[in-house]
Amino acid sequence: AVRYTHQEEEPGTQTVRVFGDAAVVTAKLRVAGTRGEKSFDRTLWFSDTYVKTPQGWKYVFGQSSLPLPKR
């Protein structure tokens, strides 16, 4: 089981691009937590895709990069 203890976008990295009835949100994200008894703390890029429906915007797809190199 994965338990997140920290999830925060890096300020100034979020972009939203709208293409008709679809929108893609991207940002750099720091996540930390545990998987089982092993802890993790990493930074990655993510993108989330939404589509506009008669009921409003719906989340349809998300993906993330591999962990970025430590600074």
Q) Between Val16 and Val25, is any pair of side-chain heavy atoms under 4.5 Å apart? A)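 Touching, per the 4.5 Å side-chain cut-off.
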**Q.** Beyond-backbone contact of Ser47 with Thr26, side-chain heavy atoms, under 4.5 angstrom
**A.**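 Yes; the side chains approach each other to less than 4.5 Å.
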Q) Same cluster for Val31 and Phe46 if Ile/Leu/Val/Met/Phe/Trp/Tyr side chains link at under 4.5 Å? A)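 Yes; tracing contacts between hydrophobic side chains, which count when under 4.5 Å, links both residues.
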[X] to [Y] - nearest heavy-atom pair and separation:
{"X": "Leu44", "Y": "Ser64", "answer": "CD1-CB, 3.8 Å"}
{"X": "Lys28", "Y": "Leu68", "answer": "CE-CD1, 4.0 Å"}
{"X": "Leu29", "Y": "Glu9", "answer": "CD1-N, 3.7 Å"}
{"X": "Thr34", "Y": "Phe40", "answer": "N-CE2, 3.4 Å"}
{"X": "Asp21", "Y": "Trp57", "answer": "O-CZ3, 3.8 Å"}

(Q) Restricting to ring-ring contact (aromatic ring centres under 6.0 Å, His included), what partner residues turn up for Tyr59, sequence neighbours left out? (A)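 Expected list: Tyr50.
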Q.
Suppose the criterion is salt bridge (Lys or Arg N to Asp or Glu O under 4.0 Å): which pairs have a residue in residues 34-43, not counting sequence neighbours?
A.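 Non-adjacent pairs meeting salt bridge (Lys or Arg N to Asp or Glu O under 4.0 Å): Arg30-Asp41.
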